[in-house]
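Take a look at the structure set out below.
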Amino acid sequence: MCDKKHLRFTSNSPDDTLAIARALGEALRPGDVVGLTGDLGAGKTLFCKGVGEALGIPPDRILSPTFTIVTEHAAPIPLTHIDVYRLSGAREADEIGMRELLSGDGVCMVEWAEKITELLPTDCIQVKFIILGDDRREIAVAAQDLPRFDDFRARSQRFQLV
Ligand code: ADP
Ligand code: MG
């Protein structure tokens, strides 16, 4: 296990969530894995849109991969968008090649990451959503204590809880 730095945010709208996601997206590098956790409708797919935007992928290309499980987006830093909701767990994910997907060249975003915890790298960036109300969400981000995440913290300051 590696020590991670924890940040907590309040999002009062879909636009807030997109802004937080774009700020994180700008800090991501090839090989990063982001695990997203939270109930249906919490904002995981929307967050992936924001990250994708930061990587140069048009937001309308990022759709929920619940039925396809994996969508790959070409970009200077490619984005692999995964949704493991329909998988039974880590074993089934392993059987369909999740380890290879998670160790790809680009950024990898995994919705319902808690279903495949055993397969995630220890330095996985964790994003947890809690639905507080119609348009309000708490978003908790845990990431390795690296300088590039200091930049993320600075860019997302106005949404942070202290
Ligand atoms: P998930 O992938 O977690 O199931 P989605 O991102 O597909 O969730 O959907 C989130 C839904 O909640 C969208 O319809 C979005 O407009 C709505 N929403 C309302 N407020 C927020 C918010 N603050 N952050 C994210 N989504 C929000
Ligand atoms: Mg989703």
Side-chain angles (χ1 to χ4, degrees), residues 4 6-28 32-75 77-94 96-98 101-102 104 106-121 124-143 149 152-162:
K4 287 180 181 166
H6 295 257
L7 293 172
R8 281 169 66 215
F9 303 92
T10 301
S11 164
N12 288 310
S13 67
D15 279 348
D16 284 0
T17 296
L18 284 171
I20 296 163
R22 278 194 299 264
L24 179 65
E26 285 168 25
L28 296 178
D32 283 339
V33 176
V34 181
L36 303 115
T37 303
D39 289 342
L40 206 63
K44 301 179 295 298
T45 299
L46 192 72
F47 195 92
C48 293
K49 269 187 207 285
V51 167
E53 225 180 314
L55 299 177
I57 298 158
D60 59 352
R61 299 258 182 91
I62 310 242
L63 302 167
S64 176
T66 304
F67 293 98
T68 51
I69 301 174
V70 184
T71 314
E72 304 206 68
H73 300 276
I77 300 177
L79 174 65
T80 303
H81 185 187
I82 305 174
D83 185 330
V84 297
Y85 182 70
R86 279 158 45 88
L87 300 182
S88 55
R91 189 169 166 171
E92 189 182 3
D94 201 7
I96 66 160
M98 193 60 61
L101 288 169
L102 294 173
V107 163
C108 193
M109 311 276 301
V110 187
E111 299 193 37
W112 299 97
E114 69 273 29
K115 293 191 77 171
I116 61 158
T117 310
E118 307 93 294
L119 299 180
L120 297 172
C124 177
I125 299 150
Q126 297 165 311
V127 183
K128 296 187 180 177
F129 297 80
I130 297 171
I131 302 177
L132 301 176
D134 286 348
D135 285 347
R136 294 188 66 229
R137 307 286 187 265
E138 182 180 313
I139 301 175
V141 177
F149 295 122
F152 162 57
R153 191 174 49 204
R155 281 194 299 271
S156 58
Q157 200 145 25
R158 68 195 158 110
F159 303 107
Q160 273 164 50
L161 288 165
V162 281

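Please read these numbers as outputs of a predicted model, since none were measured by experiment. Whatever order the structure lists them in is the order used to number ligands and atoms, beginning at 1.
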Worksheet item: Considering only heavy atoms of S11, which atoms of ligand 1 have at least one such atom less than 4.0 Å away?
Response: 22 (C), 23 (N), 24 (N)
Worksheet entry | Identified side-chain contact (heavy atoms from CB on, under 4.5 Å) counterpart of F129 within the set L46, L36, T37 | L36
Worksheet item: Going by the order shown, which atoms of ligand 1 are within less than 4.0 Å of some heavy atom of D39?
Response: 3 (O)
Worksheet item: Would D134 count as a contact of ligand 1 if the rule is a heavy atom under 4.0 Å away?
Response: yes
Worksheet entry | Stepwise side-chain hydrogen bond (donor to acceptor under 3.5 Å, both in side chains) check, T66 with D83 | CA-CA 5 Å; T66 304; D83 185 330; 2.9 Å; yes
Worksheet item: Which residue holds the protein heavy atom closest to atom 26 (N) of ligand 1, what is that atom called, and what is the gap in Å?
Response: L46 CD2, 3.6 Å
Worksheet item: Are any of the heavy atoms in L40 under 4.0 Å away from ligand 1?
Response: yes
Fill in: Listed partners of Q157 passing side chain to side chain contact (heavy atoms under 4.5 Å, CB included), at least two apart
Q160
Worksheet item: Which of the numbered atoms in ligand 1 are below 4.0 angstrom from a heavy atom of S13?
Response: 22 (C), 23 (N), 24 (N)
Discussion item. Distance check, rounded to the nearest 0.5 Å: D39 atom CG versus I130 atom CD1?
Written reply: 9.5 Å
Practice prompt. Please test F47 against F9 for ring-ring contact (aromatic ring centres under 6.0 Å, His included), starting from the C-alpha separation and ending with a verdict.
Written response: CA-CA 13 Å; F47 195 92; F9 303 92; 8.7 Å; no
Worksheet item: Short N/O distance, under 3.5 Å, between K44 and ligand 1?
Response: yes
Worksheet item: Within the structure, does G38 bring an N/O atom to less than 3.5 angstrom of an N/O atom in ligand 1?
Response: no
Worksheet item: Would you say T45 has any N or O atom under 3.5 Å from an N or O of ligand 1, going by distance alone?
Response: yes
Worksheet item: Going by heavy atoms in the side chains, are C48 and E111 under 4.5 Å from each other?
Response: yes
Worksheet item: Got a protein heavy atom sitting under 4.0 Å from atom 20 (N) of ligand 1?
Response: yes
Worksheet item: Could a heavy atom of S64 be found less than 4.0 Å from some atom of ligand 1?
Response: no
Response to the item:
Tested for side-chain contact (heavy atoms from CB on, under 4.5 Å) against C108, the lone hit among D32, T80, L120 is T80
Item to complete: Could you tell me which atoms of ligand 1, counted from 1 in the order shown, lie closer than 4.0 angstrom to a heavy atom of E111?
Response: 2 (O)
Discussion item. Counting non-hydrogen protein atoms only, what is the nearest one to atom 27 (C) of ligand 1? Give residue, atom name and distance.
Written reply: R137 NH2, 3.5 Å
Response to the item:
Of all the N, O or S atoms in E111, the one nearest to the Mg ion (ligand 2) is OE1
Discussion item. Among A21, G50, G43, which one puts a heavy atom closest to atom 8 (O) of ligand 1?
Written reply: G43
Discussion item. Please determine whether the number of non-hydrogen atoms from other residues, nucleotides or ligands lying under 6.0 Å from atom OH of Y85 exceeds 12.
Written reply: no
Worksheet item: Is it the case that more than 12 heavy atoms not belonging to R8 sit under 6.0 Å from its CZ atom?
Response: no
Worksheet item: For ligand 1, which atoms have a heavy atom of D135 less than 4.0 angstrom away?
Response: 19 (C), 20 (N), 21 (C), 22 (C), 23 (N)
Worksheet entry | K115, NZ: over 12 other non-hydrogen atoms inside 6.0 angstrom | yes
